[in-house]
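Everything below concerns the one structure shown next.
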Amino acid sequence: MQGLDLSIVTPYSELLATGLWWTVVMFVSSSILSLLAGIAFALIVLYAPKLMALPVRFMTWLLMGTPLLLQLYVIYYGLVQVGIDIPALGAGIIGLSLHFAVYNADVIRAGVVSVDPGQIEGARSIGLSRGQTQRYVVVPQALRSTIAPLGNNLIVLLKDTSLVSIIGIAELVYSAQLAVSETYSPFEFYLTVAVIYYAANLVLEVGLHLLEKKVEMSR
Amino acid sequence: MDLTLIQRTFPFFLEAAWITVQISVLALLLGLLVAFVLVAARLSTVFLFRCLARIYVSVFRGTPCLVQLFIIYFGGPQIGLELEPFAAGVIGLGLNIAAYMAESIRGAISNVDPGQEEAARSIGFGRRQTLWLVTLPQAAKLMIRPLGVNAVALIKGSALVSTISVVELSYTAQRFISSTYKPFEIFMVSALLYIVMVYSVRFVVDYLDNRFAAR
Amino acid sequence: MISEKFMVEVKGARKAYGALEVLKGIDLSVSRGQIVAIIGPSGSGKSTLLRSINQLEVLNDGEIWLEGEQVNRPLKGRAYEQHINAVRQQMGMVFQHFNLFPHLTVFENIALGPIKLKGLSKKASRELAMEYLSKVGLANKFDEYPSRLSGGQKQRVAIARALAMQPKVMLFDEATSALDPELVEEVNQVMKQLAAEHMTMLIVTHEMRFAGEVADRIVFMDGGVVVEEGAPQDILQNPVHERTRSFLKKHLHDR
């Protein structure tokens, strides 16, 4: 290994820290939006009339069958064309949120459908209404089976925030690229970035694990 | 909707799609190879091998593929690794997907009914014989679908190599979007090609699954 | 106005799934406090008939009456919803696969209906749940989760859950079919106890001996029609129809 020098990273700590901050911002905002949108899409596919569900299904098919990177390009350049001139940040959040919303919707839908239909019969046979059945019997059970897969989607989302560097959002990878353009030491910087992502991933996994345990506890 | 644009650019996209296919196939093969090595290491009696395999999987699944590509392509020269974008792309994608495939294979193996192994051992087969004669043949059927999922992820992940200047499908799409400012039409063409690739893989996986696994 | 001398009345029930006719015109009347056992081969439509009484299956034709009120009224939308929910509160159903709510304790399973539908306070519902749980012999399982119970215990909790709504009639859909043989008796005991207390019960079962012991009337169904019905001794000992005879010959060995 010739001339690798990790100390070259130190002066750029603040830059990377800012980048990490933006990564977290992207992650948190996209997580929340993609979960909310995922619930909405799942509800539409499950309960809305076929006609209304059709665009959601089409979008799901499209977003699941094409690369996220491509989707980000299109949204970024596409919004400008339609006349909406929002900063790259907005495009990035929208792109990530939409992409993961359809994956989340799929998980939620599967979770709801997997609740034993006998449960619904049991609840209805006592006289509980449809709404009450959903609220007290179906949703709690669906929640339990969707927590883990949704958590996995969040883990993927964290790593995929790196893609928004391509449309110019100053998150972690982009910041590293800036540093590399000044120091010509890509290996050290990208390695550092990898370590930071690994650590962040670990934190996320631990957090999700605790959440799952908590949901499991109230069994 | 600018149909002439689609007409004009289609040949470029087709050519670029071919590059995507090449990269995906090569990365897939590399990935499978490395995955099998990883699984063998995981099942080994040597503690060090098991450890190394676990670390590999953890690192490659715990960090973004984009960063891995950057380390290999941009950082490579610093450690004596001068690679062409295409090669760097294949290696980066392959090494990355290997970690996921290793988990798919390992999962399939552990899902084989434990009674099978017990029966084999009670006849007198050793660990390795049991693995080869009894466990793996059955695991093979179970891993078709998960590996198929990995392959699809790989095709979509191949878009990442556009960032290290490989002229594949996404690179071409981006080039045309930023020059023509017609993202909708360009997206249509490139999306279509990706979808064709993805669904072809799904089709093959379904076929293989039905042929070998659905008894 | 239909006379109220019957607790449950089924008139001309017809049900088909696509081209397959499952109920071909069933008439059935159950008096207050009567125990009716419905027997027959698989596919005879007996479960479908039972489930149509509380509208878990909707008939294509025919009427279901509960104590002078029509159950399957041709209402639509919200009116139907409110009607059917109210009617179901008056009927209790016990399922083959229990259908207990796994995310709730035994107490919560039993109390859910009374609390949400009858506005019982938490305290009152605890007392109510304890009462019915004791009745089925499981007072000590009050705070357990269903996953910790045996099949027989789960079914008894299911019975308590249905009883807690204080229904007018209890519907049993093959209540012991999914139980290991040693666990069947504890459930049968509870059912016999209910019978002795003059609960109106409709029991779909393939336990011939149990049916003979507990029922006031046995109805034999085959191929979507009632083939024969009458007092247990008559049906089980001296069946009139050939179909009844051959069915019983096959099944009288079970329990």
Side-chain angles (χ1 to χ4, degrees), chain A residues 35 39 42-44 46-53 107-151 208-219, chain C residues 47 50-51 53-57 77-78 80-105 108-118 144-148 154-155 157-158 160-167 169-173 178:
Chain A
L35 280 171
I39 293 174
L43 289 176
I44 292 176
L46 282 169
Y47 302 121
K50 293 279 162 79
L51 211 60
M52 203 172 145
V107 166
I108 294 171
R109 199 195 48 82
V112 169
V113 163
S114 73
V115 174
D116 177 11
Q119 289 293 302
I120 299 176
E121 288 190 352
R124 301 286 268 145
S125 72
I126 312 179
L128 289 169
S129 72
R130 277 185 210 223
Q132 289 171 320
T133 301
Q134 289 297 313
R135 205 170 135 201
Y136 300 112
V137 175
V138 176
V139 170
Q141 295 186 56
L143 213 69
R144 262 159 242 275
S145 59
T146 56
I147 289 260
L150 286 179
L208 288 170
H209 188 73
L210 289 174
L211 187 68
E212 273 175 56
K213 273 265 139 15
K214 186 151 173 244
V215 169
E216 195 95 354
M217 265 303 124
S218 49
R219 246 210 146 292
Chain C
S47 271
L50 194 77
R51 287 156 60 89
I53 294 177
N54 71 348
Q55 294 286 283
L56 285 181
E57 304 279 353
R78 182 162 296 171
Y80 174 74
E81 282 294 310
Q82 287 179 332
H83 160 77
I84 197 62
N85 292 337
V87 169
R88 282 176 179 155
Q89 287 180 36
Q90 302 171 61
M91 301 196 247
M93 179 167 253
V94 176
F95 300 86
Q96 184 176 356
H97 296 289
F98 332 127
N99 292 339
L100 289 180
F101 308 133
H103 57 297
L104 301 176
T105 61
E108 289 165 347
N109 260 275
I110 298 174
L112 185 66
I115 291 178
K116 301 292 176 193
L117 299 169
K118 296 192 170 172
E144 283 280 12
Y145 280 98
S147 56
R148 309 276 300 256
K154 285 184 198 168
Q155 196 61 300
V157 171
R161 180 177 68 175
L163 289 175
M165 293 299 289
Q166 295 164 323
V169 59
M170 286 286 280
L171 308 170
F172 292 86
D173 190 1

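Every heavy atom of this structure was used, including side-chain atoms; hydrogens, water molecules and symmetry mates were not. Proteins come first, then strands; the chains are lettered A, B, ... in the order of their sequence lines, and each starts at number 1.
Among the candidates A:P140, A:G118, A:A123, A:P117, the residue making the largest number of heavy-atom pairs closer than 4.5 Å to chain C is A:G118. Chain A forms more heavy-atom pairs under 4.5 Å with one residue of C:E81, C:H97, C:Q90 than with any other, namely C:E81.
Checked against side chain to side chain donor-acceptor pair (under 3.5 Å), C:Q96 has no partners two or more places apart in sequence or in another chain. In this view, C:N99 satisfies the side chain to side chain donor-acceptor pair (under 3.5 Å) rule with no residue, not counting sequence neighbours.
Taking CD of C:Q89 as the start and CD1 of A:I126 as the end, the distance is 9.5 Å to the nearest 0.5 Å. Remark: C:K116 NZ to A:S129 OG distance equals 11.5 Å, nearest 0.5 Å.
A pairwise comparison of heavy atoms in A:Y136 and C:H103 identifies O-NE2, 2.7 Å as the closest pair. Closest non-hydrogen pair, C:R161 versus A:G122, comes out as NH2-CA, 4.2 Å. Here the closest non-hydrogen pair linking A:S125 and C:M93 is CB-CB, 4.0 Å.
Of the two parts of A:Q132, only the side chain, counted from C-beta on, holds a non-hydrogen atom closer than 4.5 Å to a non-hydrogen atom of chain C. With a 4.5 angstrom heavy-atom cutoff, C:F101 touches chain A via backbone and side-chain atoms both. Using a 4.5 Å cut-off between heavy atoms, C:L100 touches chain A through its backbone atoms (N, CA, C, O) alone. Residue C:M91 touches chain A through its backbone alone, counting heavy-atom pairs closer than 4.5 Å.
Atom CG of A:L210 has more than 12 heavy atoms from other residues, nucleotides or ligands within 6.0 Å.
Contact annotation: the side chain of A:R124 approaches that of C:N85 to within less than 4.5 Å [non-hydrogen atoms, C-beta and beyond].
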